[in-house]
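Before any comments, here is the structure.
In each ligand, atom 1 is the first atom listed, and ligand 1 is the first ligand listed.
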Amino acid sequence: MEIGISILDVNEINNLKKLNELNNKYLHLDIMDGKFVTKKTLPFKDIKVRTNFFDKNIDIHLMVDDVEKYIDEYKTLKPEYITFHIETNQNIENIIDKLHNLNIKVGLAIKPNTPINTLLPYLNKVDLVLLMSVEPGLGGQTFLDITKSRIEELVNLKKQFNNSFKIEVDGGIKPDTIKYIKDADIIVVGSYITKNTDYQKCLNNINEAINDCKN
Ligand code: DX5
Ligand code: ZN
C-alpha cells in the first residue's frame, strides 16, 4: 500500500520541506475551484511553488467543474496521476483520452453518495478509482462508515476487471481507519500527519497500522 500526503492545509515552507523528508511515495495535491466545491485553492503559480519543495510522485485530485482548463495548467507539473470527479458534467471519455494522450495516468474520483456502479462504463479505461471517504472539499473530516461497504464493492469490480485499475481512498484516514480500507492500493493522509508536530511518528503509526492488517 502506498501513501500520499495531502498538503491542503500546509503553508509554511519549513513544514513542506519536513514533509518531503518523509519516506512515502506521493504528494497529493487537492485542487478546488470554488464551484464544484465551495472552497477555492490558491492559483496555479502558488501551488507550483509549493511543489518545488518536493521530489515525490505527484498525484493531483481535481475537485473542479472545468476539468480540461485545470489539466492544461497542471500537466506542466508532470504528475503521475490526474484524478477528476465522475460527478462533473463534462465529457468523461474525452478527458480520459486527453490525459492518456499526455501520458498521464487517469483517476476517476467518486463522492460518498454516488453509486459505485456509475463507474462501470469507465472502468476499462481508467488507471485508478479514487474512493472518497469524506465529502470532498475540506480536510480534517471524519471517515465515513459507508466507505467499508463501498470499498468491498469496488474490490469486487476490480477483480472482474482483472486488476486493471488501482484503488485510492481519500479522507479522514488515520491509524484506526486503515483496517477498513486494507485493500486500497493508495491511501491519502492529510490532517492526521500535517496537523501534528511529529510528522515522522505519525507516518510510523500509519505504517504500523498497515502492517497490522497484513497479519
Ligand atoms: C478532501 C481532500 C482530501 C483531504 C485529506 O476534499 O480530497 O485529500 O484533504 O485530508 P484529511 O486526511 O485531513 O481528511
Ligand atoms: Zn484529495
Q | Worked verdict on Leu22 versus Ile3 for side chain to side chain contact (heavy atoms under 4.5 Å, CB included) | A | CA-CA 11 Å; Leu22 296 177; Ile3 300 169; over 6 Å; no
Q. Leaving waters out, which protein N, O or S atoms fall under 2.8 Å from the Zn ion (ligand 2)?
A. His28 NE2, Asp30 OD1, His61 ND1, Asp170 OD2
Q: Using distance alone, with no hydrogens and no angle criterion, decide if Asn89 and Asp65 have a side-chain donor and acceptor under 3.5 Å apart.
A: no
Q.
To check you understand the geometry: which heavy-atom pair defines the closest contact between Asn91 and Asn94, and what is its length?
A. OD1-N, 3.0 Å
Q. Please state which protein non-hydrogen atom is closest to atom 6 (O) of ligand 1 and give its distance, to 0.1 Å?
A. Gly137 N, 2.7 Å
Q. Heavy-atom count around Ile13 CD1 within 6.0 Å, excluding the residue itself: above 12?
A. no
Q: Look at atom 1 (C) of ligand 1 and say which protein heavy atom is nearest, naming residue and atom and giving the distance to 0.1 Å.
A: Leu138 O, 3.6 Å
Q: Considering non-hydrogen atoms only, spot the tightest contact between Arg150 and Lys111 and give its length.
A: NH2-O, 2.8 Å
**Q.** Polar side chain donor-acceptor pair, Glu80 to Tyr26, under 3.5 angstrom
**A.** yes
Q.
Would Met63 count as a contact residue for ligand 1, given that I'm defining contact as a non-hydrogen atom of the residue lying under 4.0 Å from a ligand atom?
A. yes
Q. Does any N/O atom on Ser191 come nearer than 3.5 Å to any N/O atom on ligand 1?
A. yes
Q.
Could you tell me if Asn14 and Lys17 have a donor-acceptor pair between their side chains, going purely by distance under 3.5 Å?
A. no
Q) How far is atom 2 (C) of ligand 1 from its nearest protein heavy atom, and which residue and atom name does that atom have? A) Asp30 OD1, 3.4 Å
Q | CA sep, side-chain torsions, deciding dist, call: Asn204, Gln200, side-chain hydrogen bond (donor to acceptor under 3.5 Å, both in side chains) | A | CA-CA 6 Å; Asn204 293 346; Gln200 184 63 59; 3.0 Å; yes
Q: Enumerate the atoms of ligand 1 whose separation from the nearest heavy atom of Gly171 is less than 4.0 angstrom.
A: 14 (O)
Q | Donor-acceptor side-chain pairing of Asp30 and Ser6 below 3.5 angstrom | A | yes
Q. Between Gln141 and ligand 1, is there a nitrogen or oxygen pair with a distance under 3.5 Å?
A. no
Q. Looking only at protein heavy atoms, which one is nearest to atom 12 (O) of ligand 1, and how far off is it?
A. Gly190 N, 2.9 Å
Q | Taking every non-hydrogen atom, the tightest pair across Tyr81 and Asp59 | A | CB-OD1, 3.6 Å
Q) Considering only heavy atoms of His28, which atoms of ligand 1 have at least one such atom less than 4.0 Å away? A) 8 (O)
(Q) Could you tell me, atom by atom, which parts of ligand 1 come under 4.0 Å of a heavy atom of His61? (A) 7 (O)
**Q.** Region of Val37 engaging ligand 1 - heavy atom pairs below 4.0 Å
**A.** neither
Q: Using only heavy-atom distances, determine whether the side chains of Glu152 and Asn156 contain a donor-acceptor pair under 3.5 Å.
A: no
Q: For the pair Asn101 (side chain) and Asp97 (backbone), establish whether a donor and an acceptor sit closer than 3.5 Å, ignoring hydrogens and angles.
A: yes
Q) So which heavy atom in the protein is nearest atom 14 (O) of ligand 1, and how far is it from that ligand atom? A) Gly172 N, 2.8 Å
Q) Do any N/O atoms on Ile173 end up under 3.5 angstrom from N/O atoms on ligand 1? A) no
Q: Please report which non-hydrogen protein atom sits nearest to atom 3 (C) of ligand 1, along with the residue it belongs to and the distance in Å to one decimal place.
A: Asp170 OD1, 2.9 Å
Q | Distance from atom 9 (O) of ligand 1 to nearest protein heavy atom, with residue and atom | A | Leu8 CD2, 3.2 Å
Q) Are a donor atom and an acceptor atom from the side chains of Tyr192 and Asn205 found within less than 3.5 Å of each other? A) yes
Q. Numbering the atoms of ligand 1 from 1, which are under 4.0 Å from a heavy atom of Gly140?
A. 11 (P), 13 (O), 14 (O)
Q. Hey, which atoms in ligand 1 end up nearer than 4.0 Å to a heavy atom of Pro136?
A. 6 (O)
**Q.** Validation row: Ile5, Ile193 side chains within 4.5 angstrom (heavy atoms)
**A.** yes
